[in-house]
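Read the structure below first, then the notes.
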Amino acid sequence: MRATVCLPTYNERENLERMVTALGAVFRDGDRVLVIDDGSPDGTGELADRLSAELGFVGVLHRARKEGLGPAYLAGFRRALDDGAELVLEMDCDFSHDPNDVPRLIAAAEEGADLVLGSRYVRGGSIPNWGVVRRAISLGGNLYAQAVLQSRIRDLTGGFKCFRRRVLETIDLGAIDSRGYAFQIETTYRVLRAGFRVVEVPIAFVDREHGHSKMSRAIVLEAVWKVPLVRLQALRGRL
Ligand SMILES: Nc1nc2c(ncn2[C@@H]2O[C@H](COP(=O)(O)OP(=O)(O)OP(=O)(O)O)[C@@H](O)[C@H]2O)c(=O)[nH]1
Ligand SMILES: [Mg+2]
């Protein structure tokens, strides 16, 4: 099954070339990477264009403004589907997600999962660099989402995923307006509600070494208020 990895970037000049090269090393014939750059001021978009000219498996989607991860991924998903991808992956460009794990996510989808989640919170998953505070916040966020959504998925906030094409064709992408962690929670919940099979595979999530995090308080707060709203929509039969 031909796979496209959607790679959103905002100021990832120090990471992009290494990431694309590492993905190329694990790709099979026909697999592609789609860089979705929101007009990074550091020149990541121009670097992506150069890589695309040099390497046949790289595509680039330029967007005018930084609008958050959610809108960038939605644009990427649509482009990947238009280009005929059978599997669509999402992952960060900061090496928190290991490109060498991509084949394991793809294999789980090819073995029958509709959505594969790279999961920190199943047996074998880990977050080696995090201290207690960051662990507690992330775990608390996941327990909160699990409780409100009545879901048994362990890692609802992670952003390393592999969707089967028909999953993205079925859920209402146009109805999703979350931007940060809420986007990850909402997409997985919509997939579960639609009756698809979601499988978690363990990953180690490591901290970025180059560039800066774009996580903000607004992104965390969005998840706090958005999760009950999504649940309410589901209870009203709107999702
Ligand atoms: N296109 C696009 N990419 C973004 C945007 N915000 C973040 N990204 C990218 O999304 C990925 C994850 O962002 P990070 O800043 O690492 O945020 P995070 O991984 O949630 O948080 P940390 O754990 O602190 O790293 C990276 O590849 C970013 O460059 C955005 O608004 N637009
Ligand atoms: Mg990151």
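Numbering starts at 1 and runs along the sequence shown. Atoms within a ligand are numbered from 1 in the order they appear, just like the ligands themselves.
A donor and an acceptor atom, one from each side chain of T187 and Y73, are nowhere located under 3.5 Å apart. Using a 3.5 Å distance cut-off with no hydrogens or angles, the side chains of D49 and S52 do not pair a donor with an acceptor. Checked by atom type, the side-chain pair S151/Q146 shows no donor-acceptor distance below 3.5 Å. Between the side chains of R120 and T157, at least one donor N or O lies within less than 3.5 Å of an accepting N or O.
For I36, a nitrogen or oxygen atom sits less than 3.5 Å from a nitrogen or oxygen atom of ligand 1, counting backbone and side chain alike. Between F205 and ligand 1, no pair of N/O atoms sits closer than 3.5 Å. Taking any N or O of D38, backbone or side chain, at least one lies under 3.5 Å from an N or O belonging to ligand 1. Of the polar atoms of S96, none of the N or O atoms is found under 3.5 Å from an N or O of ligand 1, judged by distance alone.
Under the 4.0 Å criterion applied to side-chain N and carboxylate O atoms, R28 and D31 are assigned as salt-bridge partners. Taking the charged nitrogens against the carboxylate oxygens, R13 and D37 have no contact shorter than 4.0 Å, which rules out a salt bridge. Checked for salt-bridge contact, R165 and E86 miss the test: no charged N lies under 4.0 Å from a carboxylate O.
The contact set between ligand 1 and K66, taken as ligand atoms under 4.0 Å from a residue heavy atom, comprises 5 (C), 6 (N), 30 (C), 31 (O). Near E12, meaning under 4.0 Å from any of its heavy atoms, are these atoms of ligand 1: 26 (C), 27 (O), 28 (C), 29 (O). Near D94, meaning under 4.0 Å from any of its heavy atoms, are these atoms of ligand 1: 16 (O), 19 (O), 25 (O). Residue G68 has at least one heavy-atom neighbour below 4.0 Å for each of these atoms of ligand 1: 30 (C), 31 (O), 32 (N). With ligand atoms numbered from 1 in the order given, ligand 1 contributes 1 (N), 2 (C), 3 (N), 29 (O) to contacts under 4.0 Å with heavy atoms of T9.
Summary of contacts: the protein heavy atom closest to atom 20 (O) of ligand 1 is Y181 OH, 3.9 Å. For atom 22 (P) of ligand 1, the nearest protein heavy atom (residue, atom name, distance) is S213 OG, 3.5 Å. Looking only at heavy atoms of the protein, atom 18 (P) of ligand 1 is closest to D92 OD2, 4.3 Å. In this structure, the protein non-hydrogen atom closest to atom 9 (C) of ligand 1 is P8 O, 3.4 Å. In terms of protein heavy-atom proximity, atom 10 (O) of ligand 1 is nearest to L69 CD2, 3.2 Å.
Contact annotation: for K214 versus ligand 1, heavy atoms closer than 4.0 Å belong to both the backbone and the side chain. Contacts between C93 and ligand 1 below 4.0 angstrom, taking non-hydrogen atoms only, involve backbone and side chain alike.
Distances from atom 23 (O) of ligand 1 to the heavy atoms of R134, M215, R208 put R134 nearest.
With rounding to the nearest 0.5 Å, the separation of CZ in F95 from CG in D207 is 14.5 Å.
Evaluated for a side chain to side chain contact (heavy atoms under 4.5 Å, CB included) with L115, the options V199, I171, V191 yield exactly one hit, V191. Just one of L34, I106, L7 meets the side chain to side chain contact (heavy atoms under 4.5 Å, CB included) condition when paired with L89; it is I106.
The Mg ion (ligand 2) sits nearest to atom OD2 when only the N, O or S atoms of D94 are considered.
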message: Using the rule given for salt bridge (charged side-chain N to carboxylate O under 4.0 Å, His left out), can you reason through E12 versus R208, listing the C-alpha separation, both sets of side-chain angles and the distance that settles it, and then say yes or no?
response: CA-CA 11 Å; E12 297 291 357; R208 68 157 75 231; 2.9 Å; yes

